[in-house]
Amino acid sequence: MHSSLNTLVGAVCGAIPPVIGWVAATGRLDGGGWALGALLFVWQLPHFLALAWLYRRDYERGGFAMLPRFDETGRLTGRVIVLTSLMLIPLTLSLTMLGLAGWIFTVGATALGAWMSVRAVRLLHDRTDLNARRVFLASLVYLSTVLLLLVLDRGPVTGFTVHRMASAQTAAVAE
């Protein structure tokens with residue numbers, strides 16, 4: 001692709017399959033599907049930008065217009081990695097607020113998001129290949145652990161969500 005926006009376009013493509021899976025499993029596209037898709041979309045940005053920084057010369061030789069090609073100092077790339085890493089925290093909290101996860105998930109996902117953000121800040125301040133690799137590896141641990149926590153700790157944590165689910169079950173029984 002001829003634009004550094006290729007990472008955003010690719011992130012859309014990477015976020016669609018979980019949304020499709022959500023719709024297939026639930027029969028509808030609702031807040032849970034959108035939140036899961038948003039999480040996967042945003043997660044891909046620090047993940048791939050860390051790789052793009054780490055392999056910036058290889059991407060340039062291959063003709064790919066990754067952000068580091070236009071950001072020789074890496075300052076903008078580092079800032080985007082920090083911003084998108086920080087965005088993971090409220091995105092995982094949205095899963096909790098939608099009633100899809102419990103407190104264990106919330107605490108774990110918040111801690112993982114903070115850890116990922118600390119790695120990102122270190123890369124911003126010291127743009128070495130080692131720090132880029134650490135962000136990349138942290139992103140792998142982050143996603144796999146957050147999804148595992150989501151599977152293991154499903155369920156509502158708010159009274160509103162409990163009430164909404166109970167009302168839905170009552171309505172289903174009445175039909």
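Computed from a predicted model, the values in this text were never measured in an experiment.
- No chain of hydrophobic side-chain contacts below 4.5 Å, direct or via other Ile, Leu, Val, Met, Phe, Trp or Tyr residues, connects V118 to Y142.
- Other residues, nucleotides and ligands contribute over 12 non-hydrogen atoms within 6.0 Å of the CZ atom of R127.
- Residues A15 and P18 share a closest heavy-atom pair of O-CD, 3.1 Å.
- Taken together through direct or relayed side-chain contacts under 4.5 Å among Ile, Leu, Val, Met, Phe, Trp and Tyr, V42 and V121 form parts of separate hydrophobic clusters.
- Atom CG of L49 and atom CD of Q44 lie 11.0 Å apart (nearest 0.5 Å).
- Shortest non-hydrogen contact noted between S94 and L91 is OG-O, 2.5 Å.
- In this structure, S144 contributes its side chain and V141 its backbone to a donor-acceptor pair below 3.5 Å.
- Rounding to the nearest 0.5 angstrom, the gap separating the OG1 atom in T145 from the CG atom in L150 is 12.5 Å.
- Side-chain contact between T96 and T92: absent, with no pair of heavy atoms (C-beta onward) separated by less than 4.5 Å.
- Taken from CE in M116 to CG in L140, the straight-line distance is 8.5 Å, to the nearest 0.5 Å.
- Pairing each heavy atom of G74 with each of W53, the nearest pair is CA-CZ3, 3.4 Å.
- The closest side-chain heavy-atom distance from L112 to I89 is not below 4.5 Å.
- Applying the side-chain hydrogen bond (donor to acceptor under 3.5 Å, both in side chains) criterion to R56, with sequence neighbours excluded, gives D129.
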- What's the verdict on side-chain contact (heavy atoms from CB on, under 4.5 Å) for L36 and V19, showing C-alpha distance, side-chain angles and the deciding distance? CA-CA 7 Å; L36 190 58; V19 175; 5.9 Å; no
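- The heavy-atom pair separating L95 from F105 by the smallest distance is CD1-CZ, 3.9 Å.
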- Message: Please evaluate residues R122 and R119 with respect to the criterion side-chain contact (heavy atoms from CB on, under 4.5 Å), reporting the C-alpha separation (whole Å), side-chain torsions for both, the decisive distance (0.1 Å), and the verdict.
- Response: CA-CA 5 Å; R122 286 182 183 159; R119 290 284 187 201; 3.6 Å; yes
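- A ring pair (Phe, Tyr, Trp, His ring centres under 6.0 Å) check over residues 115-141, counting only residues at least two apart or in different chains, returns the pairs H47-F136.
- Between atom CE of residue M87 and atom CG of residue L45 there is a gap of 8.0 Å, rounded to the nearest 0.5 Å.
- Under a 3.5 Å cut-off, the side chain of D153 and the backbone N or O of I104 do form a donor-acceptor pair.
- Side-chain contact check for M66 versus N6: some heavy-atom pair is nearer than 4.5 Å.
- The two residues T84 and V80 come nearest to each other via the heavy atoms OG1-O, 2.7 Å.
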- side-chain contact (heavy atoms from CB on, under 4.5 Å) assessment of R79 paired with L124: CA-CA 6 Å; R79 286 179 178 166; L124 174 62; 3.9 Å; yes
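- Residue L152 places its CG atom among more than 12 non-hydrogen atoms of other residues, nucleotides or ligands, all under 6.0 Å distant.
- In the hydrophobic clustering of ILVMFWY residues, with side-chain heavy atoms under 4.5 Å counting as a link, L76 and F70 come out apart.
- Not a single donor-acceptor pair under 3.5 Å links the side chain of R133 to the backbone N or O of N131.
- To the nearest 0.5 angstrom, T26 atom OG1 is 5.0 Å from R28 atom CZ.
- When hydrophobic clusters are built by joining Ile, Leu, Val, Met, Phe, Trp and Tyr residues whose side-chain heavy atoms come closer than 4.5 Å, directly or via intermediates, L8 is not grouped with L86.
- Without hydrogens or angle criteria, W43 side chain to S139 main chain gives a donor-acceptor distance under 3.5 Å.
- Side-chain contact between L40 and L143 is present, with at least one heavy-atom pair separated by less than 4.5 Å.
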- Task: Using the side-chain contact (heavy atoms from CB on, under 4.5 Å) rule, take L54 and V135 through it: C-alpha gap first, then chi angles, then the decisive distance, then the call.
- Result: CA-CA 10 Å; L54 186 59; V135 170; over 6 Å; no
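- Cluster membership check: L83 shares its hydrophobic cluster with F41, using side-chain heavy-atom separations under 4.5 Å among Ile, Leu, Val, Met, Phe, Trp and Tyr.
- Here W34 contributes atom CH2 and L39 contributes atom CG; the two are 15.0 Å apart, rounded to the nearest 0.5 Å.
- S85 approaches I81 most closely through the heavy-atom pair OG-O, 2.8 Å.
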